[in-house]
Amino acid sequence: SEQKAEGAAAQAPAQEQPAQEDPTQPLLEKIKDLEDKYLRSLAEAENLRQRTRTEVKQAQEFGIQKFAKDLMPIADILQMALESVPEKMRTDESNPYLSSLYSGLQGTQALMLKNFATHGLVQINPVGEKFNPNFHEAQFELDDASKEPGTVAIVIRPGFTLHGRTVRAAAVGVVKSRH
């Protein structure tokens with residue numbers, strides 16, 4: 001019975017004492033809060049790095065856009081010079097100077113377009129393609145029963161894209177729809 005009394009006496013003080021808060025609890029909450037802030041800061045820093053990478057890449061790809069636009073009229077003039085030589089005179093051996101000049105212009109044009117493509121500038125020459133307002137600028141419509149309505153029949157001036165973005169739409173003539 002003495003053991004029961006000691007056991008009851010031992011339990012009594014435990015029941016009388018109010019439950020004390022764990023003194024480490026505020027510190028644990030503070031640690032949890034700081035850890036959350038730290039993880040958010042890391043995520044924000046990573047997002048900033050990714051945005052910066054994207055912006056730098058776009059600046060590299062599209063930084064030459066103005067320069068490319070300045071070269072397009074030169075490409076147009078070179079094309080007009082090539083088209084101005086009548087087809088039968090392009091290989092006429094009676095005028096070797098003209099055929100040589102034509103050959104040189106062709107080589108210059110091919111090299112220029114190759115260098116354009118190396119830097120992401122691609123010429124659009126959409127004859128026979130379906131009209132697409134993102135890449136083509138309709139100048140006029142024409143009747144042509146041999147072609148499907150809505151297709152590009154004539155290219156007045158080729159267009160250009162820079163890394164897939166239209167820099168200059170191709171000026172085109174489009175086949176009228178048949179009503």
Side-chain angles (χ1 to χ4, degrees), residues 40-179:
R40 287 177 189 275
S41 294
L42 285 178
E44 190 174 326
E46 182 59 29
N47 288 341
L48 180 61
R49 272 194 288 283
Q50 287 178 353
R51 271 196 316 270
T52 303
R53 271 190 224 118
T54 302
E55 288 172 6
V56 167
K57 182 180 177 197
Q58 286 181 344
Q60 288 171 340
E61 287 180 349
F62 299 109
I64 64 166
Q65 185 167 331
K66 184 177 178 343
F67 181 66
K69 281 183 174 183
D70 291 343
L71 289 176
M72 288 177 213
I74 297 167
D76 295 339
I77 291 169
L78 188 54
Q79 182 63 38
M80 286 188 277
L82 286 167
E83 291 171 355
S84 71
V85 178
E87 200 167 327
K88 62 183 175 198
M89 296 181 81
R90 293 175 185 175
T91 56
D92 187 0
E93 291 180 20
S94 67
N95 192 346
Y97 300 112
L98 182 61
S99 63
S100 178
L101 176 64
Y102 182 79
S103 230
L105 288 173
Q106 275 186 316
T108 302
Q109 182 188 41
L111 184 60
M112 183 177 62
L113 292 176
K114 180 181 174 203
N115 280 309
F116 280 1
T118 299
H119 296 283
L121 186 65
V122 179
Q123 188 177 49
I124 304 170
N125 197 349
V127 172
E129 292 179 14
K130 201 77 169 148
F131 177 77
N132 181 340
N134 296 319
F135 299 105
H136 313 140
E137 182 180 326
Q139 301 294 306
F140 59 90
E141 288 186 314
L142 62 111
D143 290 317
D144 189 342
S146 68
K147 294 186 174 121
E148 190 177 323
T151 57
V152 174
I154 299 171
V155 175
I156 300 165
R157 184 191 71 219
F160 286 91
T161 61
L162 182 60
H163 297 287
R165 179 192 294 174
T166 303
V167 178
R168 181 177 84 181
V172 299
V174 181
V175 178
K176 279 186 188 178
S177 61
R178 297 175 192 108
H179 288 48

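Residue numbers run from 1 in the order of the sequence given. All values below come from the heavy atoms of this structure, side chains included, with hydrogens, waters and symmetry mates left out. Keep in mind that this is a model prediction, so the values were computed, not measured.
- A ring pair (Phe, Tyr, Trp, His ring centres under 6.0 Å) check over residues 121-145, counting only residues at least two apart or in different chains, returns the pairs Phe131-His136.
- In Glu46, the CD atom is crowded: over 12 heavy atoms of neighbouring residues, nucleotides or ligands sit closer than 6.0 Å.
- When every heavy atom of Lys176 is checked against every heavy atom of Pro149, the shortest pair comes out as O-CB, 3.5 Å.
- Between Asp76 and Pro158, the closest side-chain pair of non-hydrogen atoms falls below 4.5 Å.
- Between the CD1 atom in Ile64 and the CG atom in Leu121 there is a gap of 6.5 Å [rounded to 0.5 Å].
- We find that Lys130 and Glu148 are joined by a salt bridge, their nearest charged nitrogen and carboxylate oxygen being less than 4.0 Å apart.
- Going from atom CD1 of Ile124 over to atom CG of Asn134 covers 10.0 Å, rounded to the nearest 0.5 Å.
- Without hydrogens or angle criteria, Arg168 side chain to Lys69 main chain gives no donor-acceptor distance under 3.5 Å.
- Heavy-atom neighbours of Glu87 CD from other residues, nucleotides or ligands within 6.0 Å: at or below the threshold of 12.
- Between atom NE2 of residue His163 and atom CD of residue Glu61 there is a gap of 4.5 Å, rounded to the nearest 0.5 Å.
- To the nearest 0.5 Å, the span separating OG on Ser99 from CZ on Arg90 amounts to 12.0 Å.
- Note: Arg157 CZ to Gln139 CD = 7.0 Å, rounded to the nearest 0.5 Å.
- Leu101 contributes atom CG, which lies 9.0 Å from atom CG of Leu82 (distance to the nearest 0.5 angstrom).
- Every residue was checked against the salt bridge (Lys or Arg N to Asp or Glu O under 4.0 Å) condition with Arg53, not counting sequence neighbours, and none meets it.
- Lys66 meets the salt bridge (Lys or Arg N to Asp or Glu O under 4.0 Å) test with Asp70; sequence neighbours excluded.
- Shown here are the side-chain contact (heavy atoms from CB on, under 4.5 Å) partners of Ala81, two or more places apart in sequence or in another chain: Leu105.
- In this structure Asp92 satisfies the salt bridge (Lys or Arg N to Asp or Glu O under 4.0 Å) test with no other residue, sequence neighbours excluded.
- Nearest heavy atoms, Asn115 versus His119: O-CD2, 3.1 Å.
- At least one side-chain heavy atom of Val167 sits less than 4.5 Å from a side-chain heavy atom of Met72.
- For Asp143, there are no salt bridge (Lys or Arg N to Asp or Glu O under 4.0 Å) partners, not counting sequence neighbours.
- Here the shortest heavy-atom pairing between Val174 and Ala138 reads CG2-CB, 4.0 Å.
- When each of Leu142, Val175, Val172 is checked for a side chain to side chain contact (heavy atoms under 4.5 Å, CB included) with Ile154, only Leu142 meets the rule.
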